[in-house]
Amino acid sequence: MTDVMSELHRRGLIAQSTDEDALRAALAAGPVTYYCGFDPTAPSLHVGHLLQFMVLRALQRAGHQPIVLVGGATGLIGDPRMSSERVLNDPATVAAWVDRIRRRVAPFLDRPAAEQGLRAPLYVDNLDWTAPLSAIDLLRDLGKHFRVGRMLAKEAVAARLNSEAGISYTEFSYQILQANDFRELFRRHGCTLQSGGSDQWGNITAGADLVRRTEGASAHALATPLITTADGTKIGKTEGATVWLDPELTSPYAFFQYWLGVDDVDARAWLPLFSERPAGEVEALIAESEARPAARAPQRALAEELTRLVHGEDELRQAEAAGRALFGRDDLAALGAETLGAALREAGSVTVDGGTPTVAALLQQTGLVASLSEARRTVREGGAYLNNQRVTDAEAVPGEDDWLPGGWLVLRRGKRSVAGVRRAGSPGRDT
RNA sequence: GGCGGGUUGCCCGAGCGGCCAAUGGGAGCGGACUGUAAAUCCGUCGGCACAGCCUACGAAGGUUCGAAUCCUUCACCCGCCA
């Protein structure tokens with residue numbers, strides 16, 4: 001059994017943990033059952049959550065037994081955010097998100113289980129044991145083990161108490177539910193380790209404490225660091241939009257492009273965290289980046305590995321090909337209908353029927369800009385391109401000559417935002 | 001409970017009867033440079049049927065030819081005194 005703690009440390013995946021010697025010993029003694037929970041606060045997980053899967057996968061590779069929890073119950077309550085009270089989501093919505101997230105997340109651990117004979121993950125939903133919990137059970141069996149003083153001292157709670165927003169009893173109680181999850185998983189599956197983001201540290205240790213106190217067993221906790229970009233913003237935001245793991249929300253192409261566009265400083269910092277390559281290769285890539293930044297070696301490695309992990313080999317190939325086609329120096333018309341079509345379908349496209357709209361209207365319809373005003377402004381600023389030619393008149397209508405093989409127009413905003421326009425009834429597959 | 005100050009565009013923050021879609025900074029976006037990077041410089045930054053119009057300055061009313069700017073009420077925040 002490999003020393004997984006060393007790997008996690010080397011990759012910078014551990015921000016804090018409970019008694020590390022004890023944890024090391026437990027991991028060395030045999031398969032440990034461990035879990036990580038994800039609350040359904042959106043239809044999909046995003047790039048930031050990926051880090052948790054890196055930890056889950058490393059432990060799985062080391063022979064341990066993963067459990068993935070999707071918080072159908074805790075998602076209805078909401079954990080306290082630093083800033084303000086959460087808006088409660090509708091139960092039906094949360095239930096739908098639970099399903100959707102679980103389906104998307106399966107390959108991360110199921111694939112290694114199938115291909116490398118590792119332990120297959122268990123999927124659980126805390127709604128299963130939280131929904132039947134009565135108010136009496138909650139107050140008698142759980143509440144007695146929680147000291148209000150300790151609960152108030154948790155960072156997330158304390159911050160909110162001192163803020164203008166204050167905190168509702170609902171969110172204050174969140175830690176009890178998450179702690180109960182840990183105990184429940186211990187009872188049901190012998191789970192003794194929980195991992196999560198460092199923002200969850202208070203909740204995680206609440207669970208470990210509960211298991212120790214009521215079950216007399218040792219339970220461990222592991223937290224990953226909070227990852228930010230060099231300029232302090234959250235990972236996984238482009239143009240204000242979140243980079244999701246669900247291909248319906250963020251196309252594999254956009255996902256691939258996100259990683260490729262990461263700046264040098266971040267790419268070097270993130271590579272060890274997100275790459276499962278051997279240490280030597282990671283170091284070589286970083287050295288390569290310092291020597292020849294233009295090659296963007298760490299960015300490419302991240303884009304390839306993570307797109308393959310999240311979307312699979314086929315989608316990776318297509319995203320790569322699309323990027324090459326659209327950013328390459330080749331003449332667009334020379335690309336051929338097949339390549340062009342595939343690239344633009346990846347990048348995002350709309351179909352027009354009947355008369356061709358103006359360039360400004362097309363920019364808006366493809367989502368490249370938010371409004372017609374913005375479209376006109378973009379053209380005025382010289383940031384709009386039709387088939388790689390700068391557009392000077394927002395009201396111009398693309399002519400017959402502009403349509404590329406397969407019935408396509410390539411619309412671009414700035415350097416990297418590309419979208420396709422397809423003429424309805426063109427030969428070939430429809431979008 | 002009393003007195004005073006505040007609530008402005010994504011954020012911070014000027015404006016205090018017409019010249020205000022609203023100074024300035026930040027973020028964002030575009031251009032130049034470059035490497036689909038960073039830094040820097042320049043431009044831009046509510047919407048639309050775009051030389052015009054519509055919507056906006058906590059909410060609702062009012063005064064006025066005309067209000068973000070004055071008055072009234074309400075909501076929330078922040079100080080000082082009890």
Side-chain angles (χ1 to χ4, degrees), chain A residues 82-85 160-166 228-243 250-271 285-304 306-307 319-330 332 343-344 346-348 355 357-386 388-397 410-419:
Chain A
M82 286 300 168
S83 52
S84 62
E85 193 79 9
R160 283 282 295 283
L161 277 174
N162 292 325
S163 77
E164 286 171 13
T228 53
T229 62
D231 45 18
T233 55
K234 267 190 203 152
I235 185 173
K237 298 274 182 191
T238 45
E239 295 161 30
T242 302
V243 180
T250 299
S251 73
Y253 166 80
F255 183 88
F256 183 87
Q257 286 294 323
Y258 168 74
W259 293 104
L260 204 55
V262 166
D263 81 56
D264 296 342
V265 174
D266 291 329
R268 288 169 202 152
W270 293 351
L271 189 64
L285 286 166
I286 292 171
E288 159 86 15
S289 164
E290 270 148 16
R292 292 197 312 127
R296 287 202 309 284
Q299 284 92 331
R300 277 178 208 288
L302 285 168
E304 278 174 30
L306 295 173
T307 306
E320 268 182 321
R324 265 200 307 275
L326 298 176
F327 287 104
R329 296 194 218 293
D330 307 342
L332 284 172
L344 291 172
E346 283 291 310
T358 61
V359 170
L362 286 170
L363 281 167
Q364 191 206 5
Q365 284 167 31
T366 51
L368 251 27
V369 298
S371 66
L372 279 178
S373 296
E374 197 178 341
R376 294 197 185 92
R377 193 183 304 139
T378 301
V379 170
R380 206 188 314 133
E381 292 171 337
Y385 305 82
L386 173 65
N388 284 347
Q389 294 287 312
R390 181 170 285 172
V391 177
T392 51
D393 178 10
E395 304 309 321
V397 174
V410 178
L411 223 51
R412 179 156 61 88
R413 181 202 187 178
K415 279 176 192 161
R416 28 155 89 198
S417 309
V418 185

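What you see below is based on every heavy atom in this structure, not just the backbone, and it leaves out hydrogens, waters and symmetry mates. Because the structure is predicted, anything quoted here is derived from the model rather than measured. Numbers restart at 1 for each chain; the letters A, B, ... are given by sequence-line order, proteins then strands.
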Check the surroundings of atom CD in A:Q389: do more than 12 heavy atoms from other residues, nucleotides or ligands lie under 6.0 Å from it?
no

For B:rC48, does OP1 or OP2 lie under 4.0 Å from any side-chain N or O of A:S371?
yes

Integer-rounded Å distance: B:rC48 C1' and A:E395 CD:
12 Å

Partner nucleotide, any strand, of B:rU36 [Watson-Crick/G-U, under 3.5 Å]
none

Sole candidate of A:T366, A:N388, A:V410, A:L368 that passes side chain to side chain contact (heavy atoms under 4.5 Å, CB included) when paired with A:V418
A:V410

So what does A:R412 touch, heavy atoms closer than 4.0 Å: a base, only the sugar-phosphate, or nothing?
nothing

Please classify the nucleic acid contact of A:F256 as base, sugar-phosphate, or nothing, using heavy-atom distances under 4.0 Å.
nothing

Side chains of A:V243 and A:W259: closer than 4.5 Å at any heavy-atom pair?
no

Between B:rU36, B:rA32, B:rC48, which nucleotide has the shortest distance from any of its atoms to the side chain of A:Q364?
B:rC48

Most 5' of A:A295 and A:G414 on RNA chain B, judged by nearest nucleotide:
A:G414

Roughly how many Å apart are B:rC74 and B:rG4, using the P atom of each and rounding to a whole number?
16 Å

Paired to B:rA75 by Watson-Crick or G-U wobble criteria (both distances under 3.5 Å) is B:rU7

For B:rU40 versus B:rG46, give the span between their C1' atoms, rounded off to a whole number of Å.
30 Å

Name the closest nucleotide to the A:F327 side chain, picking from B:rU36, B:rG31, B:rC48.
B:rU36

Do the side-chain N or O atoms of A:R416 get closer than 4.0 angstrom to the phosphate oxygens (OP1, OP2) of B:rG35?
no

Just checking, any donor-acceptor pair under 3.5 angstrom between side chains of A:D263 and A:Q299?
no

B:rU44 phosphate, OP1 or OP2, under 4.0 Å from A:R413 side-chain N/O:
no

Watson-Crick or G-U wobble mate for B:rA14, both contacts under 3.5 Å:
none

What integer number of Å spans the C1' atoms of B:rG13 and B:rA22?
13 Å

Go ahead and name the base partner of B:rG1; Watson-Crick or wobble counts if both distances stay under 3.5 Å, otherwise write none.
B:rC81

Atom-to-atom span, CG of A:L372 to P of B:rC50 - whole angstrom:
10 Å

Between C1' of B:rU36 and CG of A:L302, the distance in whole Å:
15 Å

B:rA51 pairs with which nucleotide, Watson-Crick or G-U wobble, both distances below 3.5 Å?
none

Applying a 4.0 Å non-hydrogen cut-off, can you work out what A:R377 is touching in the nucleic acid: base, sugar-phosphate, or nothing?
sugar-phosphate

Any donor and acceptor pair, going by atom type alone, linking the side chain of A:R268 with main-chain N or O of A:W270 inside 3.5 Å?
no

Need the pair for B:rG28. Rule: Watson-Crick or G-U wobble, both distances under 3.5 Å, any strand; none if unpaired.
B:rU44

Could you measure between the two P atoms, the one in B:rG2 and the one in B:rU8, and give it in whole Å?
26 Å

Mind checking A:S373 for me? I need base, sugar-phosphate or nothing, with any heavy atom below 4.0 Å counting as a touch.
base

Given 3.5 Å as the limit, does a donor-acceptor pair link the side chain of A:S251 with the main chain of A:E346, or not?
yes

Does A:R376 or A:K415 map to a spot on RNA chain B nearer the 5' end, using the closest nucleotide for each?
A:K415

Can you tell me how far C1' in B:rG18 sits from the matching atom in B:rU63, rounded to whole Å?
16 Å

Steps toward salt bridge (charged side-chain N to carboxylate O under 4.0 Å, His left out) verdict (A:E320, A:R324):
CA-CA 6 Å; A:E320 268 182 321; A:R324 265 200 307 275; 5.0 Å; no

Expressed as a whole number of angstroms, how long is the span from A:Q299:CD to B:rU36:C1'?
10 Å

Does the B:rU36 base have a donor-acceptor partner in the side chain of A:Q257 within less than 3.5 Å?
yes

Just how far, in rounded Å, is P of B:rU36 from CG of A:N388?
13 Å

For B:rC76 versus B:rA27, give the span between their C1' atoms, rounded off to a whole number of Å.
27 Å

Side-chain N or O of A:Y253 less than 4.0 angstrom from OP1 or OP2 on B:rU36?
no

Whole Å only: how far is the CD atom of A:E381 from the P atom of B:rC45?
7 Å

Ignoring the backbone of A:R380, work out which of B:rC50, B:rC29, B:rU44 is nearest its side chain.
B:rU44

